[in-house]
2 protein chains.
Amino acid sequence: MPDLTALETAFETAGHRLTRPRRALAELIDARDGAFSAADLVADAQGRRLGIGRATIFRAIELLEEIGALERIDLPTGEHAYVPCGPAHHHHVVCRRCSRSVEIGDLGLGALARDIARKTGYQIDVHRLELFGLCPDCRLASVPA
Amino acid sequence: MPDLTALETAFETAGHRLTRPRRALAELIDARDGAFSAADLVADAQGRRLGIGRATIFRAIELLEEIGALERIDLPTGEHAYVPCGPAHHHHVVCRRCSRSVEIGDLGLGALARDIARKTGYQIDVHRLELFGLCPDCRLASVPA
DNA sequence: CTTCAATCGAGACCGTGTATCACTTGGTTC
DNA sequence: GAACCAAGTGATACACGGTCTCGATTGAAG
C-alpha cells in the first residue's frame with residue numbers, strides 16, 4: 001500500500017483502520033495546509049459531496065489528536081482550531097490571516113517553566129504557548145507601500 | 001460610595017453602570033478566589049436565588065474581559081475559564097485542582113517572541129502562555145507520604 | 001423627581017461537540 | 001476470494017456554552 005500521506009500513516013501505525021472517510025479527511029486536511037476548524041472540514045466535505053457524516057469528522061479529529069498527529073489551538077477569539085504536527089513537544093506560530101502555521105521547538109521554555117515553578121511554588125505539569133501574527137507572505141501582502 | 005471592590009471599581013472607572021446584578025456578580029467572583037467557568041457563576045447565582053439571568057452573567061463576563069479585569073483561560077480540556085487580574089501584560093499559572101491562579105510577569109517572553117519572529121519570518125502580534133499544575137497547598141495535600 | 005440610555009430577565013436561538021444505535025466495511029482467516 | 005466480526009460509519013438526538021431579541025427596569029445625570 002504505497003503513497004500514504006503522513007496523516008494516513010499516522011492512522012495505520014497507531015493501529016486504526018484506514019477507512020475511506022479517514023483517507024478523504026486526511027486529504028482535505030493536507031489540502032488546507034494550515035490550521036482549520038472542525039466546521040471548515042465539515043464544509044469541505046459537504047462541498048465535495050463526500051457523504052461523510054459530521055460525527056465521523058469529529059471522531060477523526062479526536063483520534064488524530066490522541067495519536068499526536070493533530071493539535072488543538074485556542075484562537076484569541078475563543079474558537080478552537082486544529083493544526084497537523086509531529087508528536088514531539090513543540091509550540092505553534094499561527095498566521096491570523098491565512099492560518100498557515102509553523103512549529104517551533106521548546107526554545108528554553110522548559111527552563112522558564114522550572115523558573116516559574118521555583119518562584120511560585122507551583123508544580124507545573126503542562127504549559128502551552130501559542131503565538132499569533134502574520135506569516136511572511138501575508139505580511140508582505142498587507143503592507144502596500 | 002465607599003467600599004468598592006476591585007471589580008466594582010473596574011466597572012465604574014470604565015464608564016459602566018454599577019448595577020445590582022453587577023455588584024452581586026463581582027462579589028461571587030471575589031468569593032471564588034481563582035479561575036471559574038461561566039457555568040460556575042450561573043450555578044452560584046442560582047444557588048443564592050439572586051434572580052440574575054444567564055445572559056446577564058455572560059454579558060458581565062464579556063464586559064470585564066474587555067475592561068481587562070478578567071482574562072479568559074483555555075483549559076487543557078478545551079473548556080473556557082476566567083480569572084480576575086490586572087490590566088498589565090502577564091500570564092497565569094493555574095492549579096488544576098483548586099483553580100487558584102497567580103499572575104506572572106513577562107519573564108523574558110517578549111524577547112523570546114522577538115527571537116521567534118526573527119527565526120520564522122512571522123510578525124508576531126499576540127502570544128499567550130498558560131501553565132497548569134498544582135499550587136503549593138494542593139501539592140502538599142496530594143503527597144501523603 | 002423626571003428622564004432616558006444603559007441594562008436587565010426570559011426565552012429563543014445557534015454552533016460546537018458528544019452519545020446512541022442500527023448498518024457497513026476493512027482486514028484477517030481459512 | 002468468501003466468510004467473519006470488531007472497528008468504524010451516518011443519521012439523528014442531545015448537551016452545553018454562548019449570543020440575540022425584546023419588552024420591562026433602573027442607575028445616575030440634570
Side-chain angles (χ1 to χ4, degrees), chain A residues 1-2 4 7-28 35-46 48-67 70-82, chain B residues 1-2 4 7-26 28 35-67 70-82:
Chain A
M1 44 198 79
L4 292 189
L7 288 175
E8 288 173 334
T9 307
F11 276 121
E12 282 222 320
T13 63
H16 297 282
R17 285 195 192 162
L18 195 46
T19 63
R20 198 171 55 76
R22 286 178 181 167
R23 280 176 188 270
L25 289 172
E27 196 177 324
L28 289 180
F36 57 90
S37 69
D40 289 335
L41 275 196
V42 172
D44 287 357
Q46 281 184 338
R48 299 198 193 181
R49 312 207 185 291
L50 297 175
I52 298 177
R54 224 168 64 91
T56 298
I57 293 176
F58 280 96
R59 283 186 288 236
I61 288 174
E62 182 187 21
L63 191 53
L64 288 170
E65 222 181 326
E66 282 171 13
I67 290 173
L70 218 56
E71 192 174 308
R72 196 193 65 237
I73 297 273
D74 299 293
L75 300 179
T77 59
E79 293 156 359
H80 289 169
Y82 303 88
Chain B
M1 46 199 79
L4 292 190
L7 287 175
E8 286 174 335
T9 308
F11 276 121
E12 282 223 320
T13 62
H16 297 281
R17 285 194 193 163
L18 195 46
T19 63
R20 197 172 56 76
R22 286 178 181 168
R23 281 177 187 269
L25 288 172
L28 289 180
F36 57 89
S37 68
D40 289 336
L41 274 196
V42 172
D44 286 359
Q46 281 184 338
R48 299 198 192 182
R49 313 210 186 289
L50 298 175
I52 299 176
R54 223 167 64 94
T56 299
I57 293 176
F58 280 97
R59 282 186 288 234
I61 289 174
E62 182 186 21
L63 192 52
L64 289 171
E65 221 182 326
E66 282 169 14
I67 290 172
L70 216 55
E71 192 174 306
R72 196 193 66 237
I73 297 274
D74 299 294
L75 300 180
T77 58
E79 293 156 357
H80 289 170
Y82 303 88

Q: Scan residues 50-65 of chain B against DNA chain C and write down, sorted by residue number, each residue with any heavy atom closer than 4.0 Å; if none is found, say none.
A: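 Residues of residues 50-65 of chain B under 4.0 Å from DNA chain C: B/Gly51, B/Ile52, B/Gly53, B/Ala55, B/Thr56, B/Arg59.
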
Q) What are the two closest non-hydrogen atoms of B/Ala10 and B/Ile67, and how far apart are they? A)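 That closest heavy-atom pairing would be O-CD1, 3.8 Å.
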
**Q.** Nearest atoms (heavy-atom pairs only) where A/Leu75 meets B/Arg72
**A.**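 Shortest heavy-atom contact: O-NH2, 3.3 Å.
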
Q. Say you draw a straight line from OG1 of A/Thr19 to CD of A/Glu8; how long is it, rounded to the nearest 0.5 Å?
A.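 Rounded to the nearest 0.5 Å, the OG1-CD separation comes to 10.0 Å.
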
Q: Enter the distance from A/Leu4:CG to A/Arg23:CZ here, rounded to the nearest 0.5 Å.
A: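 A/Leu4 CG to A/Arg23 CZ: 6.0 Å, rounded to 0.5 Å.
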
If I take atom [atom1] in residue [X] and atom [atom2] in nucleotide [N], what distance separates them, rounded to the nearest angstrom?
| X | N | atom1 | atom2 | answer |
| --- | --- | --- | --- | --- |
| B/Arg72 | D/dG18 | CZ | C1' | 12 Å |
| B/Leu41 | D/dG18 | CG | P | 11 Å |
| B/Arg49 | C/dG9 | CZ | P | 16 Å |
| A/Phe36 | C/dT16 | CZ | C1' | 15 Å |
| B/Asp40 | D/dG18 | CG | C1' | 15 Å |
| B/Arg23 | C/dC8 | CZ | C1' | 16 Å |
| B/Phe11 | C/dA6 | CZ | C1' | 13 Å |
| A/Glu66 | C/dT18 | CD | P | 10 Å |

(Q) Classify the ring geometry of A/His80 against B/His80: parallel below 30°, tilted from 30° to 60°, perpendicular beyond 60°. (A)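 If you compare the ring of A/His80 with that of B/His80, the planes turn out perpendicular.
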
Q: Return the set of residues passing side-chain hydrogen bond (donor to acceptor under 3.5 Å, both in side chains) with B/Glu65 (not counting sequence neighbours), or none when no residue passes.
A: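 With neighbours one apart ignored, the set is empty.
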
Contact under 4.0 Å: [X] side-chain N or O vs [N] OP1/OP2:
| X | N | answer |
| --- | --- | --- |
| B/His80 | D/dG18 | yes |
| B/Arg20 | C/dC8 | no |
| B/His16 | C/dT7 | yes |
| A/Tyr82 | C/dG17 | yes |

Q.
Please enumerate all residues that pass side chain to side chain contact (heavy atoms under 4.5 Å, CB included) together with A/Ala35, with sequence neighbours excluded.
A.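 By the side chain to side chain contact (heavy atoms under 4.5 Å, CB included) rule, A/Ala35 matches A/Ala81, A/Val83, A/Val94, A/Ser99.
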
Between side-chain atoms of residues 37-63 of chain B and protein atoms elsewhere (two or more places apart, or another chain), which donor-acceptor pairs fall under 3.5 Å?
{"from": "B/Ser37", "atom 1": "OG", "to": "B/Ala39", "atom 2": "N", "distance (Å)": "3.4"}
{"from": "B/Ser37", "atom 1": "OG", "to": "B/Asp40", "atom 2": "N", "distance (Å)": "3.1"}
{"from": "B/Ser37", "atom 1": "OG", "to": "B/Asp40", "atom 2": "OD1", "distance (Å)": "3.4"}
{"from": "B/Ser37", "atom 1": "OG", "to": "B/Asp40", "atom 2": "OD2", "distance (Å)": "3.2"}
{"from": "B/Asp40", "atom 1": "OD2", "to": "B/Ser37", "atom 2": "N", "distance (Å)": "2.9"}
{"from": "B/Asp44", "atom 1": "OD1", "to": "B/Arg32", "atom 2": "NH2", "distance (Å)": "3.2"}
{"from": "B/Asp44", "atom 1": "OD2", "to": "B/Arg32", "atom 2": "NE", "distance (Å)": "2.8"}
{"from": "B/Asp44", "atom 1": "OD2", "to": "B/Arg32", "atom 2": "NH2", "distance (Å)": "3.4"}

Q. 5'-most contact on DNA chain D: B/Ser37 or B/Pro21, nearest heavy atom basis?
A.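 With B/Ser37 and B/Pro21 compared, the 5'-side residue is B/Ser37.
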
(Q) Pick the closest DNA chain D nucleotide for B/Thr19 and for B/Ala39 by heavy atoms, then say which residue is nearer the 5' end. (A)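 The residue mapped nearer the 5' terminus is B/Ala39.
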
Q. Would you call B/Leu64 and B/Leu25 a side-chain contact if the rule is heavy atoms closer than 4.5 Å?
A.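 Result no, sub-4.5 Å side-chain heavy-atom pair not found.
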
Q: Report the end-to-end axis angle of the helix from C/dC1-D/dG30 to C/dC30-D/dG1; each axis comes from five terminal pairs, and the value is rounded to 10°.
A: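 Angle reported: 40°, given to the nearest ten degrees.
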
Q. What one-letter contact string describes nucleotides 1-6 of chain D from 5' to 3', where B marks a base within less than 4.0 Å of any protein heavy atom, S marks contact via sugar-phosphate atoms alone, and - marks no contact?
A. -----B

